[in-house]
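Notes for the one structure printed next.
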Amino acid sequence: MKILNYGSLNIDYTYSVDHFVRGGETMSSEEMHVFSGGKGLNQSIALSKSGAEVWHAGAIGTGDGDFLIRQLKEAGVNTEYISVLDGKTGHAIIQKAKDGGNCILLFGGANQQITREMVDGVMDHFEKGDYLVLQNEISEIGYIMERAREKGMVLVFNPSPMDDKISSYPLEYVDYFLLNEIEAGDICGEQGSGEELLQKLSDKFPASKIVLTLGGDGSLYRDGQRILTQGIYKVPVADTTAAGDTFTGFLIGGLVQGLDAGEALDLAAKAAAIAVSRPGAAPSIPSREEVEAFEG
Ligand code: RIB
């Protein structure tokens with residue numbers, strides 16, 4: 001069984017700020033760092049570091065994004081399905097506040113130049129029972145879902161960042177949703193408590209397994225048989241960027257490697273805690289050994 005992650009590759013320009021810049025304000029930042037990022041790249045690295053074998057598909061521009069492919073390779077990710085296109089690599093401008101929280105401005109670049117022909121070329125290499133992991137930072141998500149369904153792949157969808165296009169995707173094909181409360185509320189058409197959102201999502205997508213993340217309150221899991229709850233591991237916060245991606249990668253990686261959902265949730269919560277305690281997106285993602293040695 002193989003894992004294909006068809007997702008974004010971004011250059012993250014991270015600025016340390018006193019507060020998030022306001023409309024009309026010009027503000028100096030205290031530090032600036034350039035990191036590898038993109039929800040797709042981060043999740044591929046987390047999947048691979050959890051011990052799973054993963055193929056990343058996506059696109060970078062010419063000349064500026066080569067280090068993203070190098071970092072994927074260094075993390076053990078297969079990169080032969082990444083295209084290099086004319087134009088710019090996607091990037092993110094991230095303001096990181098003193099409490100580790102952030103706000104992010106995206107430029108899609110090559111991530112938004114994925115075509116159906118490119119998708120078909122990649123999907124030819126995967127088959128029934130293989131996993132497909134998707135976020136919402138590339139073009140042709142709906143088409144990729146259709147192709148995965150035709151093939152009988154297991155579809156994992158992290159609907160982030162949320163936008164209007166999501167309601168046009170065939171979400172009934174999704175086997176695993178990994179999403180936060182805001183995303184869940186948008187998909188259900190109304191907000192609510194964690195338990196209410198879990199119920200509404202299950203009513204709407206009865207065949208799907210749902211992992212709802214609740215920030216500091218941990219996460220909830222629901223499948224046909226059971227509901228599980230998972231707390232967070234509290235650590236000093238350095239940078240929350242990619243904590244959710246680390247959680248997703250370790251959770252799916254754990255499941256694919258045979259862990260029970262409860263064990264995979266705990267592994268993912270530990271991995272996310274370590275990521276939060278370190279700066280940057282992809283560089284903050286721990287190894288499986290570090291996660292297993294973590295005592296919380
Ligand atoms: O989830 C964090 C990621 O979101 C960052 O790495 C940034 O690139 C954006 O895609």
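FYI, side chains are in, hydrogens and waters are out, and symmetry mates aren't considered; it's all heavy atoms of this structure. Computed from a predicted structure; not experimentally measured. Whatever order the structure lists ligands and atoms in, that order sets their numbers, starting from 1.
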Ala281: numbered ligand 1 atoms lying under 4.0 Å from its heavy atoms | 6 (O)

Which protein heavy atom lies closest to atom 4 (O) of ligand 1, and at what distance to 0.1 Å?
-> Lys39 NZ, 3.1 Å

Protein residue, atom and distance nearest to atom 3 (C) of ligand 1, heavy-atom basis = Asn42 ND2, 3.7 Å

Relative to Phe126, does Lys2 satisfy both conditions: NZ or CZ under 6.0 angstrom from the six-membered ring centre, and within 45 degrees of the ring's axis?
-> yes

For ligand 1, which atoms have a heavy atom of Ala92 less than 4.0 angstrom away?
-> 7 (C), 8 (O)

Once you round to the nearest 0.5 Å, how far does CG of Asp12 lie from CG of Asn42?
-> 7.0 Å

Identify the closest protein heavy atom to atom 2 (C) of ligand 1: which residue and atom is it, and at what distance?
-> Asp245 OD2, 3.4 Å

Under 6.0 Å from the CG atom of Asp86, do we count more than 12 heavy atoms belonging to anything else shown?
-> no

Protein residue, atom and distance nearest to atom 9 (C) of ligand 1, heavy-atom basis | Glu137 OE2, 3.6 Å

Do you know which two heavy atoms are closest between His91 and Asn10, and how far apart they sit?
-> N-OD1, 3.7 Å

heavy-atom search around atom 7 (C) of ligand 1 in the protein gives Asp12 OD1, 3.4 Å

At a 4.0 Å threshold, what atoms of ligand 1 neighbour a non-hydrogen atom of Gly37?
-> 6 (O), 8 (O)

Short list, please: which atoms of ligand 1 are under 4.0 Å from a heavy atom of Leu106?
-> 9 (C), 10 (O)

Pairing of Asp120 and Arg116 as salt bridge, 4.0 angstrom limit = no

If you count the non-hydrogen atoms of other residues, nucleotides and ligands that lie under 6.0 Å from CG in Asp164, is the total more than 12?
-> no

Would you say ligand 1 has an N or O under 3.5 Å from any N or O of Ala242?
-> no

